[in-house]
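Single-structure report; data block below.
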Amino acid sequence: MKSIDDLPRLHLGVYPTPLYKLEAISEKYGKNIWIKRDDLCGVALGGNKVRKLEFLLADAKQQGCDTVFTTGGAQSNHAMLTGACAARLGMKCYLLLKKRGVTEHLGNQVLNSIYGAEVRFIDTDSYDDIYAEMHRMGVELAKEGHKSYYIPCGGSNALGAIGYAAGVRELAQQAEEIGLKIDHITSATGSGGTTAGLLLGAKMFLPGVKALGLGVDDDPFDEIVSELAQEAAGMLDFPLARTPDDFRMVYNLGAGYAIPNAEDTPYIEEMARMEGILLDPVYTGKAWSGLLKLVKDGYFDGEKNIVFFHTGGAAALFAMDLG
Ligand SMILES: *Cc1c(COP(=O)(O)O)cnc(C)c1O
């Protein structure tokens with residue numbers, strides 16, 4: 001078996017991120033809910049993509065790339081954070097974004113400009129079209145002597161997922177230091193890499209702990225997450241069952257991906273007012289409201305300590321209204 005530390009990694013974020021119990025919320029809902037503040041990871045407005053990018057961009061550097069491409073929706077947090085991290089590394093960053101959703105100069109689009117990332121909107125519903133365009137541009141740039149690195153939507157490939165297995169290792173160390181016995185770890189699921197990393201990380205560093213993905217897009221994440229976790233485990237020669245137990249997906253999609261849902265708004269406001277924490281209407285607000293519904297329905301009965309990974313996303317608050 002290989003160690004995660006055998007893989008090249010850059011230090012882009014400020015880790016470990018804080019872990020603490022949400023005292024007021026835990027009291028109200030009668031369950032210990034802990035938060036892992038990956039929204040405070042120190043790059044831009046924070047977010048989960050930085051853990052992935054520490055591995056992905058290290059790989060890019062090791063391959064001698066000077067240019068990075070990625071994609072996402074118009075308000076992609078992943079694209080923005082890729083632009084932010086690439087800028088620090090002196091790499092040119094092209095963001096080929098779907099011309100869907102909020103394309104105005106709001107939210108993450110403002111940050112993309114500040115970080116100097118070059119945005120192109122592509123009028124398509126298919127990421128395959130975008131990947132084809134990326135490679136076409138990469139071939140052109142190669143003629144000028146540039147070497148390109150291509151990061152998929154959400155940074156969700158096996159290497160990106162390993163970033164989250166490393167995040168669970170960090171969580172396991174923190175839990176041990178304070179004598180916390182975790183029962184369940186959860187996060188929003190948008191492209192699958194984070195949840196795949198939680199699943200693999202739990203098997204590696206928190207055996208017996210369950211992983212729960214809270215789906216905010218309508219892709220078949222049971223398969224996507226299991227497959228990504230499998231592939232990431234393969235990179236580390238870690239034996240992971242093909243259909244892992246202790247993993248489940250629950251969806252709280254509302255009307256669709258990136259469409260704010262009015263039912264989530266009271267929970268977003270409650271979290272802000274009771275704990276001072278901002279959630280966003282696309283990912284964390286939906287995941288959080290989905291999680292609290294499960295708590296109320298008794299999904300975690302018999303369990304004591306639940307950890308919610310706060311995956312960031314605050315820029316969306318400045319691009320769209322809550323539902
Ligand atoms: C991308 C993102 C997620 C989802 O993570 P995936 O690894 O894509 O599933 C959750 N929350 C926020 C704020 C994100 O930007």
Side-chain angles (χ1 to χ4, degrees), residues 17 35-41 43-53 55-56 70-85 95 97 101 107-108 111-112 127 151-168 185-201 211-229 232 247 249-253 257-258 260 264 268 271 277-291 308-320:
T17 56
I35 194 155
K36 178 73 172 145
R37 298 287 307 268
D38 279 5
D39 58 320
L40 297 181
C41 77
V43 180
L45 302 177
N48 58 338
K49 302 312 178 316
V50 179
R51 287 192 193 274
K52 302 177 181 185
L53 289 163
F55 287 88
L56 292 165
T70 198
T71 184
Q75 286 293 329
S76 167
N77 301 304
H78 160 69
M80 180 276 287
L81 286 166
T82 303
C85 291
L95 305 177
L97 306 180
N108 280 313
L111 302 181
N112 291 339
Y127 280 117
I151 298 178
C153 171
S156 283
N157 56 17
L159 188 58
I162 284 176
Y164 261 84
V168 175
I185 53 179
T186 70
S187 78
T189 309
S191 62
T194 302
T195 309
L198 295 193
L199 161 58
L200 174 60
L212 171 70
L214 295 145
V216 302
D217 202 343
D218 60 0
D219 294 316
F221 285 118
D222 286 283
E223 290 142 56
I224 293 169
V225 169
S226 306
E227 212 157 283
L228 269 175
F247 161 62
M249 280 301 309
V250 172
Y251 290 78
N252 184 34
L253 187 57
Y257 172 70
D264 304 324
I268 293 175
M271 183 71 129
I277 296 170
L278 290 175
L279 300 171
D280 77 280
V282 179
Y283 294 98
T284 54
K286 286 185 178 179
W288 175 251
S289 125
L291 179 67
F308 178 70
F309 271 82
H310 190 323
T311 46
L317 293 168
F318 307 102
M320 59 188 81

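Position 1 is the first residue of the sequence; numbering continues from there. When a ligand or atom number is given, it counts from 1 through the structure's own listing order.
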Just need the protein heavy atom nearest to atom 5 (O) of ligand 1, so name the residue and atom and give the distance. Asn48 ND2, 3.0 Å
After noting the C-alpha distance and the side-chain angles of Leu198 and Val168, does the key distance pass the side-chain contact (heavy atoms from CB on, under 4.5 Å) rule? CA-CA 6 Å; Leu198 295 193; Val168 175; 3.7 Å; yes
Counting both backbone and side chain atoms, is some N or O of Thr194 under 3.5 Å from an N or O of ligand 1? yes
List ligand 1 atoms under 4.0 Å from Lys52, heavy atoms only on the residue side. 6 (P), 7 (O), 8 (O)
Kindly assign one of parallel, tilted or perpendicular to the pair Tyr257 and Tyr283, based on the angle between their ring planes and the thresholds 30° and 60°. perpendicular
Can you spot which of Lys52, Lys49, His78 makes a side chain to side chain donor-acceptor pair (under 3.5 Å) with Ser156? Lys52
Heavy-atom proximity to atom 1 (C) of ligand 1, best of Lys49, Gln75, His78, Lys286: Lys49
With a 4.0 Å cut-off on heavy atoms, does Ser156 reach ligand 1? yes
Rounded at 0.5 Å granularity, tell me how far CG in Leu97 sits from CG in Asn112. 6.5 Å
Among Ala196, Gly313, Gly215, Gly190, the residue with a heavy atom nearest to atom 4 (C) of ligand 1 is Gly190
Regarding ligand 1, does Thr311 bring an N or O atom to under 3.5 Å of one of the ligand's N or O atoms? yes
Which distance, rounded to the nearest 0.5 Å, do you find between the OH of Tyr164 and the CZ of Phe55? 11.5 Å
May I ask whether Thr195 places a heavy atom under 4.0 Å from ligand 1? no
Looking at Asn77, which atoms of ligand 1 are within less than 4.0 Å of one of its heavy atoms? 13 (C), 14 (C), 15 (O)
If we count only N and O atoms by modelled type, under 3.5 Å, do the side chains of Asn77 and Asp280 hold a donor and an acceptor together? no
Going by the closest heavy atom to atom 8 (O) of ligand 1, which one wins out of Ala79, Ser191, Gly197, Gly192? Ser191
Have Asn252 and Ser289 got a donor and an acceptor in their side chains that come within less than 3.5 Å? yes
Can you name the atoms of ligand 1, numbered from 1 with element, that are less than 4.0 Å from a heavy atom of Thr189? 9 (O)
Main chain of Ile151, side chain of Thr70: is a donor-acceptor contact present, judged purely on distance under 3.5 Å? yes
